[in-house]
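Chain A is the first sequence line, chain B the second, and so forth, proteins listed ahead of strands; every chain is numbered from 1.
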Amino acid sequence: GQQVMQIPQYQHVQEGEDFTTYCNSSTTLSNIQWYKQRPGGHPVFLIQLVKSGEVKKQKRLTFQFGEAKKNSSLHITATQTTDVGTYFCAGEGPGTASKLTFGTGTRLQVTL
Amino acid sequence: DTGVSQDPRHKITKRGQNVTFRCDPISEHNRLYWYRQTLGQGPEFLTYFQNEAQLEKSRLLSDRFSAERPKGSFSTLEIQRTEQGDSAMYLCASSLVAGRGYTFGSGTRLTVV
C-alpha cells in the first residue's frame, strides 16, 4: 500500500533559525496536504498542493510539491516558539476516493 | 460550536468490553473519516463515509471494528471485545470539498486495561 515518510523525525532549533521538513511518497499523488498538530492537540489543516512543481506561501511558511508529485517540503523561515508542534504531510493517491495517507511526522521544538 | 465534536473525550475500559464513540461532523460536510493515532505516529486511516455510505474500510481494521453513519449526519465507531492494542486516540474528521482539507475533532482517547 501507499507509504508516506518524513524526515527528520525530530528537530530542535533556536528561535529565529529556519526549519525544513521533507515528505516522500511511495506512489504518485493527486494532491498533498499539510497539517500541524500542537502537543496534546489534534491535526489542523494548513494547505493543499495539487499541481506538479507548485509552490505556496503562508507568511513565514513555504510549501512545495515536487515535479513528479511524489515529494513535498515545508520550510519555515525565522521560527518562533508558536511554531512548536508536529508537522504532518498527507497524500491522496489517484483513485483513493479522497482518503489521506498521513506521513510519519516531524516534531519541531523551538527554544529561545 | 461549528467544529467537529467527539464524545467521549476519554474512555477507560477493561479488556473484552465493548466501546462506542460518537462523532458529530460539521453539518454541511458530507464526508466523514475515522483515523486512529498512537503516540509518536501519524493518523492511520480506518474508514470513510460519503453521506451515509461507507465507501472504504482499512484492511488493517479487524471485524471487531464497525462504523455507521445513519442518515448521513453523526457517526459511531464501535469496538467489540477490546484488546490492549486498541489503546489509542481515535480521531474523526469531516470535509466538504477538495482543497479545503479535513477538519478534525479533538479525538477520543481510549485506554484498555
Side-chain angles (χ1 to χ4, degrees), chain A residues 1-10 21 23-26 29-51 54 56 58 63 65 72 74 85-109, chain B residues 1-7 9-10 21 23-26 29-51 53-61 67 88-110:
Chain A
Q2 181 181 26
Q3 290 188 327
V4 181
M5 303 296 293
Q6 283 182 253
I7 56 170
Q9 220 173 351
Y10 171 75
T21 172
C23 173
N24 287 285
S25 170
S26 59
L29 301 169
S30 62
N31 69 78
I32 194 151
Q33 299 179 19
W34 285 90
Y35 291 78
K36 177 183 178 182
Q37 187 171 22
R38 294 182 186 274
H42 55 274
V44 174
F45 174 70
L46 295 177
I47 207 160
Q48 175 172 288
L49 304 169
V50 179
K51 299 175 185 174
E54 189 170 12
K56 286 188 176 180
Q58 285 180 352
F63 304 84
F65 200 7
S72 182
L74 158 59
T86 301
Y87 292 85
F88 291 100
C89 62
E92 184 177 323
T96 54
S98 86
K99 177 191 80 176
L100 287 179
T101 299
F102 279 77
T104 46
T106 296
R107 186 161 70 94
L108 173 64
Q109 180 64 31
Chain B
D1 187 347
T2 57
V4 176
S5 300
Q6 290 190 246
D7 183 68
R9 290 294 303 273
H10 303 273
F21 310 140
C23 171
D24 286 89
I26 293 173
H29 286 186
N30 61 347
R31 298 172 178 181
L32 186 146
Y33 311 84
W34 285 97
Y35 280 77
R36 176 172 64 188
Q37 187 176 29
T38 53
L39 198 61
Q41 302 296 314
E44 176 187 39
F45 172 77
L46 295 179
T47 191
Y48 154 58
F49 291 85
Q50 183 158 320
N51 299 313
Q54 187 173 19
L55 297 186
E56 191 171 347
K57 187 175 174 180
S58 169
R59 282 171 288 178
L60 301 174
L61 216 58
M89 176 71 83
Y90 289 82
L91 293 164
C92 176
S94 67
S95 72
L96 178 59
V97 295
R100 299 280 179 88
Y102 292 3
T103 302
F104 279 89
S106 299
T108 293
R109 181 169 295 285
L110 173 66

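Contact of A:Gln9 with chain B is not made at all, since no heavy-atom distance falls under 4.5 Å. In this structure, chain A has a heavy atom under 4.5 Å from the side chain of B:Phe45, while its backbone stays farther away. No part of B:Glu44 comes within reach of chain A, as not one of its non-hydrogen atoms sits under 4.5 angstrom from that chain. No part of A:Tyr10 comes within reach of chain B, as not one of its non-hydrogen atoms sits under 4.5 angstrom from that chain.
For B:Tyr102 (side chain) and A:Pro43 (main-chain N/O), no donor-acceptor pair under 3.5 Å exists by modelled atom type. A donor-acceptor pair is defined here as one N or O able to donate and one able to accept, closer than 3.5 Å; no such pair exists between the side chain of B:Tyr33 and the backbone of A:Leu100.
Counting heavy atoms of neighbouring residues, nucleotides and ligands inside a 6.0 Å radius, atom CD of A:Gln58 exceeds 12 of them.
Of the residues considered (B:Gly40, B:Pro43, B:Gly107), B:Pro43 shows the highest number of contacts with chain A, using heavy-atom pairs under 4.5 Å.
For B:Tyr90, the ring-ring contact (aromatic ring centres under 6.0 Å, His included) partners two or more places apart in sequence, or in a different chain, are B:Phe21.
Residues A:Phe102 and B:Phe104 come closest through the heavy atom pair CZ-CZ, 3.7 Å.
A distance of 9.0 Å separates CD of B:Gln6 from NE2 of A:His42, quoted to the nearest 0.5 Å.
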